[in-house]
Protein chains: 2
Amino acid sequence: MTTSRELHRKWMKDPKYAKAYTDLAPEFAVARAVIEARVLAGLTQEELAERMDTTQSSIARLESGRARPSTDTLERLAVATGTNLKISFTSKHS
Amino acid sequence: MTTSRELHRKWMKDPKYAKAYTDLAPEFAVARAVIEARVLAGLTQEELAERMDTTQSSIARLESGRARPSTDTLERLAVATGTNLKISFTSKHS
DNA sequence: TTTCTTCATACCATATATGCTATAAAATGA
DNA sequence: TCATTTTATAGCATATATGGTATGAAGAAA
């Protein structure tokens with residue numbers, strides 16, 4: 001069986017994936033989550049864009065960290081990747 | 001007088017109703033997280049608004065479910081309530 | 001080299017989120 | 001009841017996110 005962890009290890013060999021996953025600053029956590037959701041779904045930016053009824057450039061913008069996406073966009077991305085969007089405010093001390 | 005809003009508030013005390021409600025309306029799950037973060041921080045809408053450098057009416061709009069807030073707004077709310085914002089796309093099958 | 005694929009980026013028009021003001025409703029306490 | 005605080009909502013101006021288009025870079029494979 002292939003777990004997401006194994007897939008992650010495999011994809012970490014991809015320089016772009018590895019850079020996206022490890023080098024991005026904390027404030028780009030959303031961008032990282034977007035990249036991970038798309039890659040785990042096995043989609044290219046163009047394919048994801050089609051499912052979200054938008055364009056490849058918009059997806060690239062999301063993944064670059066230059067965007068502050070709305071929850072509407074995030075929810076559409078969740079539908080397109082077959083995932084559930086989770087948003088929470090967690091305590092810093094527990 | 002019994003309004004639908006009052007009925008909703010009453011029924012939201014039922015966990016099953018609450019879950020079904022938020023599952024069908026993702027934007028209200030965000031609204032609920034916002035309300036929870038503010039109340040746990042012990043803040044009024046006005047006090048939270050001041051910390052976020054915005055207005056009470058904007059907070060009310062966030063909590064009403066009528067908004068699709070940007071991640072910028074959510075980040076500022078996390079800072080104002082002393083929490084960490086977590087956004088993730090979780091698998092539906094695990 | 002060329003071709004193809006994928007991703008990144010710039011620019012602009014438009015849709016939407018946000019801030020602001022005012023007001024009203026609702027809750028809270030006396 | 002009354003007074004006060006807190007929250008909800010409407011209208012509007014503006015800031016920002018998004019869609020669309022075009023273009024270019026990097027890599028893979030021939």
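Every chain is numbered from 1, with letters handed out A, B, ... down the list of sequences. Because the structure is a prediction, the values reported are computed rather than measured.
Atom CZ of B:Arg76 sits in a crowded spot, with more than 12 heavy atoms from other residues, nucleotides or ligands closer than 6.0 Å.
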Next on the checklist: side chain to side chain donor-acceptor pair (under 3.5 Å) for B:Thr90 and B:Ser88? Distances and angles first, verdict last.
Outcome noted: CA-CA 6 Å; B:Thr90 62; B:Ser88 60; 5.7 Å; no
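Distance, B:Ile59 CD1 to D:dT5 P: 20 Å, rounded to whole Å. In this structure, CG of A:Leu62 is placed 15 Å from C1' of D:dG20, rounded to the nearest angstrom. Computed from coordinates, the A:Glu75 CD to C:dT16 P distance equals 17 Å when rounded to whole Å. Protein atom CG of A:Asp53 is 12 Å distant from nucleotide atom C1' of D:dG20, rounded to whole Å.
Closest to the A:Ala67 side chain, of the nucleotides D:dT21, D:dA8, D:dT18, is D:dT18. Comparing C:dG19, C:dT9, D:dT7 against the side chain of A:Gln56 picks out C:dT9 as the nearest. The nucleotide whose nearest atom lies closest to any side-chain atom of A:Arg66 is, among C:dT9, C:dG19, D:dT18, C:dT9.
In this model, the phosphate group of C:dA17 is not approached by any side-chain N or O of B:Thr73 to a distance below 4.0 Å at OP1 or OP2. For the pair B:Arg76 and C:dG19, the criterion of a side-chain N or O lying under 4.0 Å from OP1 or OP2 is met.
Between A:Glu47 and B:Asp72, the residue anchored nearer the 5' end of DNA chain C, judged by the nucleotide with its closest heavy atom, is A:Glu47. Across the interface with DNA chain D, nearest-nucleotide mapping of A:Ser58 and B:Glu46 shows B:Glu46 to be the residue nearer the 5′ end. Two residues, B:Thr44 and B:Ser70, neighbour DNA chain D, and the one matched to the more 5' nucleotide by heavy-atom proximity is B:Thr44.
Residues from residues 34-43 of chain B that place a heavy atom under 4.0 Å from any atom of DNA chain D, listed by number: B:Arg38.
The heavy-atom pair separating A:Ala33 from B:Phe89 by the smallest distance is O-CD1, 3.7 Å. The minimum heavy-atom distance between A:Ala37 and A:Thr81, with the atom names listed, is O-CG2, 3.8 Å. Of all non-hydrogen atoms in B:Pro69 and B:Leu62, the two that sit nearest each other are CB-CD2, 3.5 Å.
Contact of A:Ser57 with D:dT21 (side chain to base): a donor-acceptor pair of N or O atoms is detected under 3.5 Å. With hydrogens and angles ignored, no donor-acceptor pair closer than 3.5 Å exists between the side chain of A:Glu63 and the base of C:dA8. The base of D:dA8 lies outside donor-acceptor range of the side chain of B:Gln45, with no N or O pair under 3.5 Å.
Across all strands, A:Arg68 comes closer than 4.0 Å only to sugar-phosphate atoms, never to a base (heavy-atom distances).
Distance check: B:Glu75 CD to B:Thr71 OG1 gives 6.5 Å after rounding to the nearest 0.5 Å. Within the model, atoms CG of B:Leu74 and CE of B:Met52 stand 8.0 Å from one another, a figure rounded to the nearest 0.5 Å. Put simply, CD on B:Glu63 and CZ on B:Arg38 are 4.0 Å apart, with the number rounded to the nearest 0.5 Å. Between B:Ile59 atom CD1 and B:Glu50 atom CD the span is 10.5 Å, to the nearest 0.5 Å.
Remark: DNA chain C forms stems of 3 or more consecutive Watson-Crick or G-U wobble pairs, all pair distances under 3.5 Å, at C:1-30 with D:1-30.
In the model, B:Gln56 has no side-chain atom that pairs as donor or acceptor with a side-chain atom of B:Glu46 under 3.5 Å.
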